[in-house]
Amino acid sequence: MRKICLLSLGLCFFVADAFAYDVPGLYANFKRVGLDLGTSKVSNYREYEGSPNTEINQNTQGVLKGVFEFAFEYEQPKYRWDNSIYTEYGKSKIHGNPGRKSHVENADKILLASDYTYKIWHLDSNNADIGPFANVAYQTEFTADADAKRQNLMRFQQGLKLINGTYGITDFHLAMVEEWDTTYKKDDTKTAWQIGMTYKYPFAEKYRFEFETYYRDYMSYSRYEATDFRYEWFAIAKLNVKVHDKFFVEPYASYFRADDRKRDKAASSLVFGVAVAYSEIFDL
């Protein structure tokens, strides 16, 4: 499996929420440039203080983060090739963490990704395409947080994907995942399976309900690392409200849960917030 995934290097990574283009060609998609403001609650954060995942390694309230998401998207009748960058960074004021800093990171991610999907089947019901896909992504952080290491890994995926849906289930994927993790001095490779989807329901012209989720379950590891996850689950529900042309406001609730190889208890992060953002698409 590892050799097969390495062959997909330079091909792609799963890019959620792809926009369906009626005319084939190359597009520059500024998916999101904005600020997220909210509050969060993290369970069992004391047990996960050494985790490189910033969502669960401290108890936080008062989330403020900046988000930038951009992609070059190449749509053709038989395939789609997307290359994207996603970054987010934010700090929170924390309470109830004796001996720790008063402000810590609650969001820190850099994700460079490339995704290739070959279209085999077409669903007329919501204009979606289905076919095999291959992907690659590099994920890291701007800085390490508290006592944790700076996350640094490559992720490879291959599987089956639905893309370009206009409503209902607009994106869906089922894949095998291979990770090459260099967060610690000794490299660590992990194999998992993953399922994910995006659901959209537009209504009243300027409103759209969206729900996104994925679940990843790790099956094998090359060596023991206490902070490696056994599984992780992420879900977010949001109401997209267009306020003026290319600007929108988005109240949301998100949930992240993970269980690592050392702890008996899983950690979770629940966030309620609102995003104010800009998006735009240019035909190249």
For the pair H173 (side chain) and M197 (backbone), establish whether a donor and an acceptor sit closer than 3.5 Å, ignoring hydrogens and angles.
no
Exercise: identify the closest heavy-atom pair between T140 and Q151
OG1-O, 3.0 Å
Y218 and R230, any side-chain heavy atoms less than 4.5 Å apart:
no
Under 4.0 Å between a Lys/Arg side-chain N and an Asp/Glu carboxylate O for E232 and R216?
yes
Between T213 and W233, do the side chains contain a donor N or O and an acceptor N or O under 3.5 Å apart?
yes
Within-4.5 Å side-chain heavy-atom neighbours: Q158 and M176:
no
On a heavy-atom basis, the closest approach of E178 and T191 is OE1-OG1, 2.7 Å
Answer yes or no: is there a side-chain heavy-atom contact under 4.5 Å between K31 and S279?
no
Take Q157 and F133 through the test side-chain contact (heavy atoms from CB on, under 4.5 Å) and record every step on the way to the result.
CA-CA 8 Å; Q157 297 186 40; F133 80 101; 4.2 Å; yes
Any idea how F30 and F70 line up, ring-wise: parallel (<30°), tilted (30 to 60°), or perpendicular (>60°)?
tilted
Which residues satisfy the side chain to side chain contact (heavy atoms under 4.5 Å, CB included) test with D187, sequence neighbours excluded?
W180, T182
For Y138 and N152, does a side-chain donor sit closer than 3.5 Å to a side-chain acceptor?
yes
Are side-chain heavy atoms of L35 and V276 found at a separation under 4.5 Å?
no
Does any non-hydrogen side-chain atom of D115 lie less than 4.5 Å from one of T117?
yes
Quick one: list whatever passes side chain to side chain donor-acceptor pair (under 3.5 Å) with Y207, sequence neighbours left out.
none
Going by the rule salt bridge (Lys or Arg N to Asp or Glu O under 4.0 Å), which residues pair with K246 if we only count those two or more places apart in sequence or in a different chain?
E280
Quick check for you: to the nearest 0.5 Å, what is the distance between M154 atom CE and E179 atom CD?
11.0 Å
Listed pairs under 3.5 Å, donor-acceptor, residues 247-258 side chains, sequence neighbours left out:
residue : atom : partner : partner atom : Å
E250    : OE1  : R32     : NH1          : 3.2
E250    : OE1  : R32     : NH2          : 2.6
E250    : OE2  : N240    : ND2          : 3.0
Y255    : OH   : R257    : NH1          : 3.3
R257    : NE   : Y231    : OH           : 3.2

Below 4.0 angstrom, N of the basic side chain to O of the carboxylate: do E212 and K238 qualify?
yes
Which residues share a salt bridge (Lys or Arg N to Asp or Glu O under 4.0 Å) with K119, sequence neighbours left out:
E75, D129
Quick one: does any side-chain atom of S40 pair with a main-chain N or O of L270 as donor and acceptor, under 3.5 Å?
no
Once salt bridge (Lys or Arg N to Asp or Glu O under 4.0 Å) is applied, do any residues pair with D228, and if so which ones, sequence neighbours excluded?
K190
Determine the minimum heavy-atom distance between Q76 and P24, stating which atoms define it.
NE2-CB, 4.0 Å
Could you tell me the separation between the CD atom of Q139 and the NZ atom of K109, rounded to the nearest 0.5 Å?
5.0 Å
Could you check whether any side-chain N or O of R223 sits under 3.5 Å from a backbone N or O of K186, counting only pairs where one atom can act as donor and the other as acceptor?
yes
How far does CG of L123 sit from OG1 of T166, to the nearest 0.5 angstrom?
10.5 Å
For V23 and Y27 the tightest heavy-atom approach is O-OH, 2.6 Å
Hey, could you give me the CZ/CG distance between R208 and L239, rounded to the nearest 0.5 Å?
9.5 Å
Roughly how far, to the nearest 0.5 Å, is CG of D171 from CG of L162?
7.0 Å
My understanding is that only residues two or more places apart in sequence, or in another chain, count here; which of them pass side chain to side chain donor-acceptor pair (under 3.5 Å) with T87?
none
Value rounded to 0.5 Å, distance of CD in E225 from CG in D188:
6.5 Å
Does either side chain, that of S84 or that of D82, offer a donor lying less than 3.5 Å from an acceptor on the other one?
no
Co-members of L153 in a cluster of I, L, V, M, F, W and Y side chains, linked at under 4.5 Å
none
Could you check Y224 against K262 for side-chain contact (heavy atoms from CB on, under 4.5 Å), going step by step and ending with a plain yes or no?
CA-CA 10 Å; Y224 178 80; K262 180 180 180 181; 3.8 Å; yes
Go through the structure and list residues passing ring-ring contact (aromatic ring centres under 6.0 Å, His included) with Y221, not counting sequence neighbours.
none
Qualifying residues under side chain to side chain donor-acceptor pair (under 3.5 Å), relative to Y215, sequence neighbours excluded:
D217
Residues which pass side chain to side chain donor-acceptor pair (under 3.5 Å) with R261, listed by chain and number, not counting sequence neighbours
none
Looking only at atom types and distance, does a side-chain atom of N126 sit under 3.5 Å from a main-chain N or O of Y167, one as donor and one as acceptor?
yes
Any Y201 side-chain heavy atom under 4.5 Å of F211 side chain:
no
May I ask you to test the I130-L160 pair for a side-chain heavy-atom distance under 4.5 Å?
yes
Apart from Y89 itself, what residues make up its hydrophobic cluster, given side-chain heavy atom links below 4.5 Å?
I110, F142
